[in-house]
Amino acid sequence: VMAAESLGLKKVTLLQAKNQIGLPIEELYQNLFGSMDQFDEFLSKYHECYNSLPPAKLFPGVVELIEMLKSNGIFIAIVTNKSRASLDMELTTTGLEGVFDSTWVAEDYAAKPSPLMLYHAYTAHQALAAETWMIGDAYPDIYASAAAGCSATIIIGSLSIPAWVKNVIKVDNVANIMKILTNI
């Protein structure tokens, strides 16, 4: 919203922008503003605004969840629609750089909801889709997981799950993910 305002683009509300989170940046821009005329300027200004924000905060319990998974020999990959620069910055500011077995960003492959990054992530670790779980918080996570054939998708939050999507588990917080995984 800040980037759009600084360029004099059509006014969008914070809710309108939030409803586009998780989409590839080009699609987000086109959905919000229609024409792609000022996209390059917007992208530059978006990165400038994004980099000026305070560091992202982790969901409570994320570090403990990661430690539990790692101690059980489970490979952990990040599959994100963020840019490599944004992801690396967030991993550094949260102290999680080097923790993940692999990271996959949309600018190198195809953004979620495409399953392409998930295919690469699980095959890189010699896993099958049936052995892969996706943990996310947005519709592109659900759709990518379903298309990639993941065994299950855990969604943090209150999204309405479409009836055609199977094997989705909704949780309110990370602690509930730990409970689910310890019961498997």
Side-chain angles (χ1 to χ4, degrees), residues 17-28 31 56-91 94-184:
K18 282 185 174 184
N19 286 337
Q20 301 298 311
I21 290 175
L23 293 175
I25 190 80
E26 297 85 359
E27 191 173 336
L28 175 146
N31 289 350
K57 293 190 178 174
L58 297 173
F59 285 112
V62 165
V63 172
E64 293 82 1
L65 175 62
I66 292 168
E67 289 170 351
M68 182 194 82
L69 294 171
K70 298 286 275 182
S71 70
N72 284 291
I74 296 172
F75 288 106
I76 308 171
I78 291 181
V79 173
T80 183
N81 285 354
K82 292 183 184 305
S83 69
R84 173 66 58 197
S86 294
L87 175 60
D88 289 348
M89 181 181 73
E90 286 189 11
L91 291 175
T94 58
L96 293 176
E97 60 190 346
V99 170
F100 297 92
D101 296 297
S102 63
T103 57
W104 307 85
V105 295
E107 67 190 5
D108 293 339
Y109 298 93
K112 296 176 288 182
S114 167
L116 188 61
M117 287 188 290
L118 281 168
Y119 290 143
H120 282 285
Y122 66 68
T123 57
H125 297 290
Q126 300 178 352
L128 301 172
E131 301 169 320
T132 303
W133 286 50
M134 168 71 150
I135 299 174
D137 63 357
Y139 285 114
D141 299 325
I142 296 170
Y143 302 149
S145 180
C150 293
S151 176
T153 307
I154 298 175
I155 291 297
I156 303 170
S158 60
L159 296 177
S160 298
I161 308 303
W164 63 268
V165 180
K166 306 297 178 218
N167 301 323
V168 175
I169 303 165
K170 287 173 51 173
V171 298
D172 295 331
N173 56 54
V174 173
N176 288 335
I177 296 171
M178 291 177 74
K179 290 176 189 172
I180 292 166
L181 296 177
T182 54
N183 290 328
I184 294 177

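For reference, positions follow the sequence shown, starting with 1. Values reported hereafter were calculated over all heavy atoms of this structure, with side chains retained and with hydrogens, waters and symmetry mates removed.
With rounding to the nearest 0.5 Å, the separation of CE in M134 from CD1 in I142 is 9.5 Å. Rounded to the nearest 0.5 angstrom, L87 CG and T80 OG1 are separated by 6.0 Å. E90 CD to L58 CG: the interatomic distance, rounded to the nearest 0.5 Å, is 9.0 Å. Of the inter-residue distances, the one linking I156 atom CD1 with I169 atom CD1 reads 12.0 Å to the nearest 0.5 angstrom.
Counting all heavy atoms, side chain and backbone alike, C150 lies closest to T132 at CB-O, 3.4 Å. Closest of all the heavy-atom pairs between E107 and S83 is OE1-CB, 3.5 Å. Nearest heavy-atom pair across E131 and Q126 is OE1-O, 4.4 Å. Of all the heavy atoms in A144 and S114, the pair that sits closest is CB-O, 3.7 Å. The minimum heavy-atom distance between V165 and A146, with the atom names listed, is CG1-CB, 4.2 Å. The two atoms that bring A129 and A148 nearest to each other are CB-O, 3.4 Å, heavy atoms only.
In this pair, W104 and H120 present their aromatic rings parallel. The plane angle is below 30°, not in the 30 to 60° band.
A 4.5 Å side-chain heavy-atom check between L181 and L65 finds at least one atom pair inside the cut-off. At a threshold of 4.5 Å between non-hydrogen side-chain atoms, the residues L91 and I78 count as touching. Counting only heavy atoms from C-beta outward, the side chains of S160 and Y139 approach each other to under 4.5 Å. Between L96 and I66 the shortest side-chain heavy-atom distance falls below 4.5 Å. Two residues are said to be in side-chain contact when any heavy atoms from C-beta on lie closer than 4.5 Å; R84 and T103 meet this criterion. Side chains of W133 and I180 form a contact here, defined as non-hydrogen atoms less than 4.5 Å apart. Contact annotation: the side chain of N81 approaches that of M117 to within less than 4.5 Å [non-hydrogen atoms, C-beta and beyond].
The side chain to side chain contact (heavy atoms under 4.5 Å, CB included) search around T123 returns none, not counting sequence neighbours.
The salt bridge (charged side-chain N to carboxylate O under 4.0 Å, His left out) contacts involving residues 135-149 comprise K112-D141, where partners must be two or more places apart or lie in separate chains. Counting only residues at least two apart or on different chains, no salt bridge (charged side-chain N to carboxylate O under 4.0 Å, His left out) pair has a member in residues 161-172. Residue pairs satisfying the side chain to side chain donor-acceptor pair (under 3.5 Å) criterion with at least one member in residues 57-72, sequence neighbours excluded, are listed as follows: K70-D101. For residues 143-154, the side chain to side chain donor-acceptor pair (under 3.5 Å) pairs, not counting sequence neighbours, are S145-T153. For residues 115-130, no pair satisfies salt bridge (charged side-chain N to carboxylate O under 4.0 Å, His left out), with sequence neighbours left out.
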